[in-house]
Amino acid sequence: MTDKILSLSKKILPDVVKIRRALHQQPELAFEEVATGKLIASELSRLGIRVQRGIGKTGLAGILNGGGKSGVVGLRADMDALPILEETGLSFASRNKGVMHACGHDSHMAMLLGAAKILSALKDDVPGTVKFIFQPSEEKNPGGAPAMIDDGALEEPSVDAIFGQHITTDLPTGKLGFRAGPLMASADEIYITVLGRGGHGAKPHNAVDPIVISAQLIMELQTVISRMKDPLEPSVLTIGSIHGGTATNIIPDYVKLSGTLRTMNEEWRKKALILIEKTAVQCARGFGGDCKVEVSHGYPVLVNSESETNLAFEAASALFGRNAAKVVQPQMGAEDFAYYLQKVPGSFWWIGAANKAMGATASIHSARFKIDEAAFVYGAAQLASVAIEYLRRKDASGRKSGLRH
Ligand code: ZN
């Protein structure tokens with residue numbers, strides 16, 4: 001079966017590239033993926049796959065019923081682009097000025113359609129149902145995944161496990177990265193207003209200086225990470241913006257700070273947010289000022305389940321050889337695929353697409369982000385193979401437990 005899947009994936013590469021380039025030329029921002037959805041729906045319909053539209057606003061799903069009835073496996077791709085002015089110089093660069101598929105979601109959709117093509121060709125060998133989930137707004141809080149789940153993306157038919165992938169230039173083409181357990185971080189936005197009392201820059205004793213408080217507060221907040229956290233727990237707090245004051249000789253009334261907290265553990269995440277607020281408020285009050293802390297909750301920690309990750313790792317090894325599949329370190333980026341994994345087991349992995357000779361080395365979210373399209377052979381085959389293998393194992397375990405009754 002792996003040979004069949006791989007040779008089909010090689011055969012359809014030109015189609016996958018064509019779809020990817022079409023999507024790359026017409027990038028759309030979060031929850032605006034209308035033309036994108038239309039293109040996907042028409043590709044799925046052409047394969048005879050039933051399409052459910054209007055899930056999670058601009059999202060959609062395709063349902064392929066295979067030759068057996070052993071369960072339902074979900075495969076997910078994200079659809080949205082970023083507000084970036086493309087600087088790749090590619091012949092198929094964005095025609096929507098200021099919007100760019102700089103996170104590779106065009107390739108995710110194309111590879112998922114490639115997998116749909118492979119699985120359609122092998123329909124009789126698919127021992128269950130495959131649900132192709134195309135999700136909008138991965139890039140923007142609160143994410144498209146919760147809207148998809150609320151609209152029943154994991155129901156009718158009810159999804160037993162879900163798999164997804166992300167292209168990356170951190171790995172060369174031909175390598176895939178896997179990890180069981182936490183793979184990506186939670187990401188919360190923190191907004192702090194430091195309140196002082198304005199006055200003349202030459203008379204600080206008559207004022208409460210929120211700039212000096214902010215300087216102290218920024219350093220003290222780092223002690224939440226360095227002194228209040230278990231050192232074996234990965235976590236980062238970055239204050240990314242600070243705004244205050246208007247002139248050299250005026251003490252302002254307030255200063256605004258904002259930052260991001262990343263964690264790999266939901267328990268520590270909750271605790272850290274409390275400690276951040278407490279530390280900030282105590283620091284400001286210690287100087288006679290005050291402080292308001294607001295948190296905009298982002299995506300949770302992405303936790304891959306063990307057996308589904310092993311299955312995906314083994315599928316890659318069987319398809320592309322033992323050296324292709326690698327166990328990778330977690331990273332502090334965030335991904336709303338985490339929400340699906342809170343509902344059903346599954347796994348999310350990296351597809352390498354770096355190629356120095358082609359100049360495909362810039363990271364995701366860069367205006368010069370490029371990928372080696374040869375990577376699509378791996379991505380499409382991997383998704384198709386994981387779907388069949390998951391359903392096959394479910395079928396086998398169902399039969400086994402059936403015997404016991
Ligand atoms: Zn992305």
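Bear in mind that the values here come from a model prediction, so they are computed numbers and not experimental data.
- Environment of CD in Gln342: crowded, with over 12 heavy atoms of neighbouring residues, nucleotides or ligands closer than 6.0 Å.
- Using a distance-only test at 3.5 Å, with no hydrogens or angles considered, a donor-acceptor pair links the side chain of Ser235 to the main chain of Arg262.
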- Message: Apply side chain to side chain contact (heavy atoms under 4.5 Å, CB included) to residues Val130 and Val73 and explain how you reach the verdict.
- Response: CA-CA 5 Å; Val130 186; Val73 64; 4.0 Å; yes
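- Partners of Glu266 under the salt bridge (charged side-chain N to carboxylate O under 4.0 Å, His left out) rule, at least two apart in sequence or in another chain, are Arg269.
- The local environment of CZ in Arg95 is sparse, with at most 12 non-hydrogen atoms from other residues, nucleotides or ligands closer than 6.0 Å.
- A distance of 7.5 Å separates CG in Leu64 from OG1 in Thr129, rounded to the nearest 0.5 Å.
- Using modelled atom types, one side-chain atom of Asp188 and one backbone atom of Gly298 make a donor-acceptor pair closer than 3.5 Å.
- Note that the CZ atom of Arg21 and the OG atom of Ser107 stand 13.0 Å from one another [nearest 0.5 Å].
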- Task: Go through the steps to decide whether Arg76 and Glu335 satisfy the test salt bridge (charged side-chain N to carboxylate O under 4.0 Å, His left out), and finish with yes or no.
- Result: CA-CA 12 Å; Arg76 172 274 205 175; Glu335 164 62 66; 2.7 Å; yes
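- For the side-chain contact (heavy atoms from CB on, under 4.5 Å) with Val377, the qualifying choice from Lys10, Met111, Gln382, Lys11 is Lys10, the only one to do so.
- A side-chain donor-acceptor contact under 3.5 Å links Asp336 to the backbone of Gly144.
- Distance alone, capped at 3.5 Å, is enough to place a donor-acceptor pair between the Asn304 side chain and the Arg179 backbone.
- Between the side chains of Glu308 and Ser347, no donor-acceptor pair is found at a separation under 3.5 Å.
- Ring geometry for Tyr378 versus Phe320: interplanar angle of 30 to 60°, hence tilted.
- For Ala384 against Ile118, the heavy-atom pair with the smallest separation is CB-CG2, 3.8 Å.
- Counting only distance, with no hydrogens or angles, the side chain of Asp106 and the backbone of Leu23 share no donor-acceptor pair below 3.5 Å.
- Using a 4.5 Å cut-off on side-chain heavy atoms (C-beta onward), Met79 and His105 make no contact.
- The minimum heavy-atom distance between Leu183 and Met264, with the atom names listed, is O-CE, 3.9 Å.
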- Task: Apply the test side chain to side chain contact (heavy atoms under 4.5 Å, CB included) to residues Leu112 and His108: give CA-CA distance (whole Å), side-chain angles for both, the deciding distance (0.1 Å), then the verdict.
- Result: CA-CA 6 Å; Leu112 186 52; His108 302 164; over 6 Å; no
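- Thr279 contributes no side-chain N or O that, together with a main-chain N or O of Leu221, makes up a donor-acceptor pair within less than 3.5 Å.
- Remark: the backbone N or O of Ala315 is not paired with any side-chain donor or acceptor of Ser385 at under 3.5 angstrom.
- Under the 30°/60° scheme for interplanar angles, the aromatic rings of His166 and Phe348 are found to stand perpendicular.
- The neighbour count for Met219 CE, taken as heavy atoms of other residues, nucleotides or ligands under 6.0 Å away, does not exceed 12.
- The line from CD1 of Ile239 to OG of Ser214 is 10.0 Å long, rounded to the nearest 0.5 Å.
- Of all non-hydrogen atoms in Thr2 and Ala318, the two that sit nearest each other are CG2-CB, 4.0 Å.
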- Message: Evaluate Asp160 against Tyr390 for side chain to side chain contact (heavy atoms under 4.5 Å, CB included), listing each step before the verdict.
- Response: CA-CA 10 Å; Asp160 298 305; Tyr390 176 81; 3.3 Å; yes
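- For Glu156, the CD atom sits in a loose shell: 12 or fewer heavy atoms of surrounding residues, nucleotides or ligands are nearer than 6.0 Å.
- The side-chain heavy atoms of Phe132 and Leu119, taken from C-beta on, include a pair separated by under 4.5 Å.
- Using a 4.5 Å heavy-atom cutoff, the side chains of Ile5 and Ile388 are in contact.
- Between Val212 and Gln216, every side-chain heavy-atom pair lies at or beyond the 4.5 Å cut-off.
- At a cut-off of 3.5 Å, with distance as the only test, no side-chain donor of Asp170 or Gln331 sits close to an acceptor on the other residue.
- In this structure, the side chains of Leu341 and Ile162 come closer than 4.5 Å at one or more pairs of heavy atoms.
- Contact record, Ile250 with Thr246: CD1-OG1, 3.9 Å, taken as the closest heavy-atom pair.
- Side-chain contact between Leu176 and Gln165 is absent, with no heavy-atom pair separated by less than 4.5 Å.
- Between His101 and His24, the ring planes lie tilted relative to each other; the angle falls in the 30° to 60° range.
- Crowding of Asp150 atom CG: a count of heavy atoms from other residues, nucleotides or ligands under 6.0 Å exceeding 12.
- Glu33 contributes atom CD, which lies 9.0 Å from atom CD of Gln135 (distance to the nearest 0.5 angstrom).
- Between the side chains of Thr260 and Thr238, no donor-acceptor pair is found at a separation under 3.5 Å.
- Here the straight-line distance linking atom CE of Met148 with atom CD of Glu138 works out to 13.0 Å at 0.5 Å rounding.
- Of all heavy-atom pairs between Met1 and Leu122, the closest is SD-CD1, 4.0 Å.
- Looking at Thr36, Ile55, Leu113 one by one, the single match for side-chain contact (heavy atoms from CB on, under 4.5 Å) with Phe134 turns out to be Leu113.
- Interatomic distance, Ser258 OG to Ile190 CD1, rounded to the nearest 0.5 Å: 9.5 Å.
- Listed here is the closest heavy atom pair of Ser158 and Val72: O-CB, 3.3 Å.
- The backbone N or O of Asn96 sits less than 3.5 Å from a side-chain atom of Ser94, completing a donor-acceptor pair.
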- Please assess Glu139 against His365 for the test side chain to side chain contact (heavy atoms under 4.5 Å, CB included), listing each intermediate value before the final yes or no. CA-CA 10 Å; Glu139 297 289 357; His365 292 215; 3.2 Å; yes
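- Using a distance-only test at 3.5 Å, with no hydrogens or angles considered, a donor-acceptor pair links the side chain of Lys131 to the main chain of Glu155.
- Listed by chain and residue number, Arg285 satisfy the side chain to side chain donor-acceptor pair (under 3.5 Å) test with Asp290 (two or more places apart in sequence, or in another chain).
- When side chains are defined from C-beta on, Ile251 counts as touching Pro210, because their heavy atoms get closer than 4.5 Å.
- Checked by atom type and distance alone, the side chain of Lys175 pairs as donor or acceptor with a backbone atom of Asn323 at under 3.5 Å.
- Salt-bridge formation is detected for the pair Lys117/Asp15: a Lys NZ or Arg NE/NH1/NH2 atom is positioned less than 4.0 Å from an Asp or Glu carboxylate oxygen.
- The closest side-chain heavy-atom distance from Trp349 to Phe163 is below 4.5 Å.
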